[in-house]
Amino acid sequence: MTLDNFYDSGEQSSTGWTWTTAGRVPDLLEKTAPVNYAQRGLAYEAEEADRFVYTQQTMAERQATNPALAKDPDLMPGPALLTAPDGNGDDDDRGQGFLWDAAIRAGLSVRNYGFSDASIYDAGAPGTVPLVREPAKTKTRIYTPGDRLLASRSDPYFRGFDQKMPDYWRMLEWQREYNAMATAGTLPTLTLLRLSHDHFGDFEDALDGVNTVETEMADNDYAVGRVVEAVADGKARDSTLIFVIEDDAQNGADHVDARRSLAFVVGPMVKQHELISTRYTTINMLRTIEAVLGLAPLGLNDSLAIPMADLFDPATSAWSFRATASDVLRDTKLPIEVERFVAAASVCGPLHDSEYWAAAMKGQDFRTEDHLDTAKFNAALWKGLGAGPEPVNRPSTDLRANRRFLVDGADTHCGPAFAAK
């Protein structure tokens, strides 16, 4: 199934993350985000940190996580998370207006992989977490919670946003827990899973030869595909829906809209081989998740949104999936089985090596989300991957007709990194 008319509600990651997880953005975040995004000062206010400080942590926890922080007890005026939405309850729900807060209040089980991560992944920085592929084997704690409710509901061995680490290893860590919980009959009702190589960067320091734009994107695709396959082959296949979304379109305006983006829904009763052109947004997806979980809307925006009903057909109960790897991953050091690669007439490889991309992206800050000079970033992408002059204006071509033909015609054996079986 293809959603070709889906739009992110957030214009960039700090607001997009909150739109995706809460269905609304507080006034303070709406006002500070444009200033931060224009690189005119102010902190990246999102993901449960104010002024780069995780206010739900105690002073001791803050210092243990990030020794570079000032030890002044008045560093922040208080523990309130000013850029978080409030819940629908009383004063005890302040700063707890996120999807998982509502699920926890409703008594649902929640498991988190990489959301609200306070860990330091910047190599050489005080408090940095070691770069380990399979930390569970050595009991090396990776994740540091920034959210108090998620602290006991998070995988301590799951690595958050760090472009040096391939998503392949994140997927294996999630799968390790998933298989154990499936065997024990303790699978959570709501899982939050972050696979961050839909971004890319840190080409010089990336592990396992996953160090070009093409290999990092293919790594993300393959990891997502393996997650879907694990669910499809598991005991919870007929009772699990998977929702995949990017929280923003990352300043990548196309011929339709600057917010148009990708979204996927996978699982039982999801229509197959269908093109859905209904206009949907982040809020519609959030509303659909709430409806599936039996949760009330988090706020006015999602209460007015319609669930994505035309994606589903009760007659479509059987589904299966097998992940296949893109050819560009063949020459990496990821331990991908040979039979996972799609047989192709010619092997596709990256157009440039890691040294090229490191030079092309020199000066970009890949240490955390949304710290890029996006105009230069997109120009470097076009120069390295595109053909001809960089397009700077949207064409007036009307592409609304013959959508199925246009979408099907875009497929190449080098493009998709996973496919249904």
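These figures come from a predicted structure and were not determined experimentally. Along the sequence shown, residues are numbered consecutively beginning with 1.
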Hey, are the side chains of [X] and [Y] touching, using non-hydrogen atoms and a 4.5 Å cut-off?
X	Y	answer
Leu108	Leu295	yes
Asn5	Thr278	no
Pro188	Val110	no
Tyr54	Asn66	no
Arg226	Arg340	yes
Asp198	Asp221	no

For the residue pair [X] and [Y], confirm or rule out a side-chain donor-acceptor distance under 3.5 Å.
X	Y	answer
Asp4	Thr2	no
Thr212	Thr215	yes
Asn220	Asp167	yes
Tyr7	Asn284	no
Thr20	Thr282	no
Asp238	Trp319	no
Gln57	Thr65	yes
Glu48	Ser116	yes
Gln12	Ser14	yes
Thr55	Asp50	no
Tyr143	Asn112	yes
Asp208	Thr332	no
Thr128	Asp122	no

Centroid-centroid distance, Phe161 to His199, less than 6.0 Å: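 Ring centroids of Phe161 and His199 are less than 6.0 Å from each other.
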Determine whether the aromatic ring centres of Phe200 and Phe377 lie less than 6.0 Å apart.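 Ring centres of Phe377 and Phe200 closer than 6.0 Å.
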So which heavy atom on Leu298 is nearest to which on Thr21, and how close?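 Minimum heavy-atom contact is CD1-O, 3.9 Å.
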Report yes or no: does [X] contribute a side-chain atom to a donor-acceptor pair with the main-chain N or O of [Y] at less than 3.5 Å?
X	Y	value
Arg40	Asn36	no
Asp205	Asp202	no
Ser109	Thr189	yes

Drop me the distance from Trp174's CH2 to Asn179's CG, to the nearest 0.5 angstrom.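 The distance works out to 7.5 Å.
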With a 4.0 Å cut-off, would you call [X] and [Y] a salt bridge?
X	Y	answer
Asp162	Lys164	yes
Asp101	Arg105	no
Arg176	Glu173	yes
Glu339	Arg322	no

In this structure, which one of Val244, Thr240, Asp233, Ile242 forms a side chain to side chain contact (heavy atoms under 4.5 Å, CB included) with Val228?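 Exactly one candidate clears the test, Ile242.
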